[in-house]
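Structure record follows, encoded as structure tokens.
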Amino acid sequence: MDDLRKIVVLTGAGISAESGIDTFRSAGGLWEQHRVEDVATPEGFARDPDLVLGFYDMRRAALAKVQPNDAHRALAKLEAEFSGELLLVTQNVDDLHERGGSRQVLHMHGELKSALCTSCEMRSPWDATLSDRPNCPICQAPSLRPDVVWFGEMPYQMERIYAAIRECDLFVSIGTSGAVYPAAGFVRDAKDCGAATLELNLEPSEGSASFTETRHGPAGQLVPQWVGEVLDSAIS
Ligand code: OAD
């Protein structure tokens, strides 16, 4: 780890599991409770906007009942104390990285606490409900939708993410099943560019074989331990 200058960290639902937020693909997870086609596609939204707006209103409201955990806090400590460059990319739409102290978080799948106007296409910070069809604060049209990237839509800031992956020394994937592209492909992109790759996940993911190192266990333990190693190696 001596030459570690640039790190890209990708997080998924598993990092928020110990905070009490359901993951997607576990037994009883979100995609067993709801059909992806109904609540996470533009077609589902066109078919039944009330259902979709209500689903995300419920998930946004649930954020008030959860707290960041040790894994979120450890990544905030890494950002504050690592002397090199860190890019934290999350597939999560919750705000637990920010509440855990991270200042720069790239939400590639959008955010529950943001609304996207289908009329003016602007994004606005949003804490309230959307199912009551409030007006867009920018253009006043009653056309707000959740600012969440649905299947078939382009994730945010891909150019910036790929640029960081091309240059990083280490790519770390935390709490993600490796089932959804493009994020699932980041490990191979990083490896192709010469980076070391590390998976921290409760269990082997679909992409485990692609990583140079894998550690399995709860993020609340693995992430603080790994961050400690990185910061210790930088000091010595
Ligand atoms: P998944 O639900 O697919 O995967 C969560 C991963 O976290 C699994 O591999 C679990 O084993 C692991 N996990 C569970 N608890 C953990 C813990 N305490 N510590 C560490 N790991 C744990 O969630 P994502 O990979 O984030 O996209 O899903 C990717 C995308 O699929 C989501 O962003 C969402 C979803 O459909 C969209 O909605 C566009």
Side-chain angles (χ1 to χ4, degrees), residues 1-21 23 26 63 66-109 111 157 160-178 183-184 186-191 193-205 207-236:
M1 279 203 262
D2 293 350
D3 298 330
L4 201 47
R5 300 302 311 154
K6 297 186 180 182
I7 305 176
V8 175
V9 171
L10 170 72
T11 66
I15 197 167
S16 297
E18 288 158 80
S19 294
I21 296 185
T23 62
S26 57
L63 292 181
V66 297
Q67 299 299 327
N69 63 53
D70 288 346
H72 298 106
R73 284 188 282 272
L75 291 178
K77 181 176 161 77
L78 182 67
E79 180 186 43
E81 298 181 16
F82 180 54
S83 57
E85 286 175 32
L86 171 73
L87 180 67
L88 174 57
V89 180
T90 187
Q91 299 167 90
N92 298 343
V93 293
D94 66 50
D95 61 348
L96 292 181
H97 281 304
E98 287 86 350
R99 283 161 57 199
S102 288
R103 295 160 66 121
Q104 304 248 10
V105 187
L106 200 159
H107 284 268
M108 65 178 287
H109 288 170
E111 297 176 65
Q157 301 210 43
R160 185 166 163 218
I161 297 170
Y162 281 127
I165 286 176
R166 275 196 299 274
E167 292 194 347
C168 73
D169 311 305
L170 176 63
F171 171 77
V172 187
S173 172
I174 303 172
T176 176
S177 62
F186 290 169
V187 57
R188 279 181 291 276
D189 298 327
K191 226 172 168 180
C193 294
T197 55
L198 170 65
E199 172 175 81
L200 306 177
N201 205 55
L202 190 62
E203 61 205 356
S205 72
S208 272
S210 302
F211 288 84
T212 42
E213 184 185 349
T214 54
R215 300 182 189 178
H216 297 134
Q221 286 175 19
L222 295 184
V223 180
Q225 182 190 1
W226 168 70
V227 167
E229 290 168 21
V230 171
L231 295 177
D232 285 351
S233 73
I235 291 164
S236 59

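- Here the side chains of Leu78 and Leu86 are in contact, with some heavy-atom distance below 4.5 Å.
- Using modelled atom types, one finds a donor on one side chain and an acceptor on the other under 3.5 Å when comparing Thr23 with Ser26.
- Shortest non-hydrogen contact noted between Leu96 and Ser16 is CD1-OG, 3.8 Å.
- Leu88 has its side chain out of reach of Glu79: every pair of non-hydrogen atoms, C-beta onward, lies at least 4.5 Å apart.
- Residues Gln157 and His107 bring no donor and acceptor atom of their side chains to less than 3.5 Å of each other.
- With rounding to the nearest 0.5 angstrom, the CG atom of Leu170 is 6.0 Å from the CH2 atom of Trp226.
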*Between Glu18 and Asp70, is a side-chain contact (heavy atoms from CB on, under 4.5 Å) present by the stated rule, with each step listed?*
CA-CA 9 Å; Glu18 288 158 80; Asp70 288 346; over 6 Å; no

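- A side chain to side chain contact (heavy atoms under 4.5 Å, CB included) with Val89 is found for exactly one of Thr11, Ile165, Ile161, namely Ile161.
- A side-chain donor-acceptor contact under 3.5 Å links Asp169 to the backbone of Arg5.
- Of the N and O atoms on the side chains of Thr197 and Glu213, not one donor lies less than 3.5 Å from an acceptor on the other residue.
- Taking OG1 of Thr90 as the reference point, atom CE of Met108 lies at 9.5 Å (rounded to 0.5 Å).
- Residues Ser19 and Asn69 come closest through the heavy atom pair OG-ND2, 3.1 Å.
- The backbone N or O of Asp94 sits nowhere less than 3.5 Å from a side-chain atom of Asn92 that would complete a donor-acceptor pair.
- Using modelled atom types, one side-chain atom of Arg73 and one backbone atom of Pro68 make a donor-acceptor pair closer than 3.5 Å.
- By the 4.5 Å heavy-atom criterion applied to side chains, Phe171 and Leu198 are not counted as neighbours.
- The side-chain heavy atoms of Asp189 and Val187, taken from C-beta on, include no pair separated by under 4.5 Å.
- Nearest heavy atoms, Ser102 versus Ala76: N-CB, 3.5 Å.
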*Carefully, step by step, assess Glu229 and Arg215 under the rule salt bridge (Lys or Arg N to Asp or Glu O under 4.0 Å).*
CA-CA 14 Å; Glu229 290 168 21; Arg215 300 182 189 178; 2.9 Å; yes

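- Within the 4.5 Å cutoff, side-chain heavy atoms of Phe211 are placed close to those of Ser173.
- To the nearest 0.5 Å, the span separating CZ on Arg188 from OG on Ser210 amounts to 4.0 Å.
- You'll find the side chain of Leu200 reaches within 4.5 Å of the side chain of Val223, heavy atoms only.
- For the atom pair CD (Glu111) and NE2 (His97), the distance works out to 11.0 Å, reported to the nearest 0.5 Å.
- Residues Ala74 and Pro224 come closest through the heavy atom pair CB-CA, 3.7 Å.
- A 4.5 Å side-chain heavy-atom check between Thr212 and Lys191 finds at least one atom pair inside the cut-off.
- Closest approach of Val93 to His109, counting heavy atoms only: CG1-O, 3.4 Å.
- When atom types are taken as modelled, the side chain of Ser205 and the backbone of Gly207 share a donor-acceptor pair closer than 3.5 angstrom.
- For the pair Val230/Leu4, a side-chain contact is recorded, criterion being any heavy-atom separation below 4.5 Å from C-beta on.
- Nearest heavy atoms, Ile174 versus Ala219: CG2-CB, 4.3 Å.
- Glu199 and Ser208 are linked by a side-chain donor-acceptor pair at a separation below 3.5 angstrom, with hydrogens and angles left out of the test.
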